[in-house]
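All values below were derived from every heavy atom in this structure, side-chain atoms included, with hydrogens, water molecules and symmetry-related copies excluded. Keep in mind that what you see is a predicted model, and the values were worked out from it rather than measured.
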Amino acid sequence: LILVCDDDSMQRLLIRQCLESEGMRILEAKDGYEALELVANNAPDFVFMDVDMPGISGIETCRRLRARDDAADVPVLIVTGADDQETIDLGFEAGATQYITKPLNWPLLGRLVKYMLRSAENLQELKAKEDHLRYLAYFDHLTDLPNRRSFTEQLRRNLVNSEKSKGQVGLIMIDIDHFKLVNDEYGHSVGDQVLIEVTETCKDNLRYHDIVARLGGEEFCILLPYTNAIQAEGIAERLRGKIESMQIISEGYRINVTVSVGLSLVCSDDFDGHDAMQRADHKLLEAKTNGRNRVCA
């Protein structure tokens, strides 16, 4: 779907005939305002933009297109009557993908548009792969929670923010008790469901600015910004109780699980959060040693 924006009706007709012969569908706009409205309502795959138009110029229209989330990556071909470097530079600065000059080379135009469309598709595929790789690098694929790498980066950022605001930060380490027995007795698919249910229970019982992550296996960590010791222990105990009261139904089995919880506050001299995580981990080990299903702070 091609949007042709040109104030010259004859030029629009000729472009329409040229591109329709290549199997493309055409939308027409006589000025930049109409083009912006058509983009919002129709999501074209390509924009053919004349530079000199009444109202707002093609370059300004292009700039406004690029400010929209739904048109940030749409190929824009600007057409200028003057082959001057200043106009071309302004077009590229506004976000144009390519330019051509008048008079148009009609046999070449259809091929150029097809080439730019293929290039845009390849770019979208590449961005999708990059997004997927970024997701794999920072998120756990089963629970959609941040992974250890993502969590440690967010912990460092919170350390900086807490130092500036003089606020306290709590750190909760959670381990599902006897999780290996769940996998051994019921199978890994049931174990996966347990991990998902624990994740959802944590998310449902945390504040909007708290961050829960899966560090690996059955181990979770929760960052509690702007939280003192009493508040952090209350949140940890509430989570422990909520998880204990869950009944997980998966593949015909009814399963109850408990968690051991270690809690620490992040201190002002914690350089990168590693020491705070170690302290919480030591308290987690203490909770497990003392009978599990408890909070040690």
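A 4.5 Å side-chain heavy-atom check between M277 and T152 finds at least one atom pair inside the cut-off. Side chains of L195 and I176 form a contact here, defined as non-hydrogen atoms less than 4.5 Å apart. Looking at F220 and L145, their side chains come closer than 4.5 Å, going by heavy atoms from C-beta outward. For the pair Q168 and T227, the minimum side-chain heavy-atom distance is 4.5 Å or more. With a 4.5 Å cut-off on side-chain heavy atoms, L19 and I26 count as touching. Side-chain atoms of L14 and L104, non-hydrogen and from C-beta on, never get closer than 4.5 Å to each other. Within the 4.5 Å cutoff, the side chain of V190 has no heavy atoms near those of the E185 side chain. Contact annotation: the side chain of R238 approaches that of I235 to within less than 4.5 Å [non-hydrogen atoms, C-beta and beyond].
Linking ILVMFWY residues whenever their side-chain heavy atoms come closer than 4.5 Å, directly or via other members, leaves L265 and L155 in distinct clusters. Cluster annotation: L224 is connected to V261 through the hydrophobic network of ILVMFWY side chains, with a link wherever side-chain heavy atoms come within less than 4.5 Å. With hydrophobic clusters built from ILVMFWY side chains whose heavy atoms lie under 4.5 angstrom apart, I15 does not share a cluster with L1.
Rounding to the nearest 0.5 angstrom, the gap separating the CD atom in E237 from the CZ atom in R294 is 10.0 Å. For the atom pair CD1 (I56) and CG (D31), the distance works out to 7.5 Å, reported to the nearest 0.5 Å. Annotation: the span from M24 atom CE to R16 atom CZ amounts to 13.5 Å, rounded to 0.5 Å.
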Q: Would you please test D73 and K127 for salt bridge (Lys or Arg N to Asp or Glu O under 4.0 Å) and show each step?
A: CA-CA 11 Å; D73 298 320; K127 285 186 176 181; 2.9 Å; yes

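Annotation for G110 and C18: closest pair N-SG, 4.1 Å, computed over non-hydrogen atoms.
Residue E233 places its CD atom among 12 or fewer non-hydrogen atoms of other residues, nucleotides or ligands, all under 6.0 Å distant.
Ionic pairing of K129 and E125 is not present here: no N-O contact between side-chain nitrogen and carboxylate oxygen is shorter than 4.0 angstrom. Using a cutoff of 4.0 Å between basic side-chain nitrogens and carboxylate oxygens, R156 and E153 are not scored as salt-bridged. Checked for salt-bridge contact, E121 and R118 miss the test: no charged N lies under 4.0 Å from a carboxylate O.
Between C221 and the choices V212, L284, L215, the side chain to side chain contact (heavy atoms under 4.5 Å, CB included) rule is met once, by L215.
For the 3.5 Å distance criterion, the side chains of D175 and S260 fail to qualify, holding no donor opposite an acceptor.
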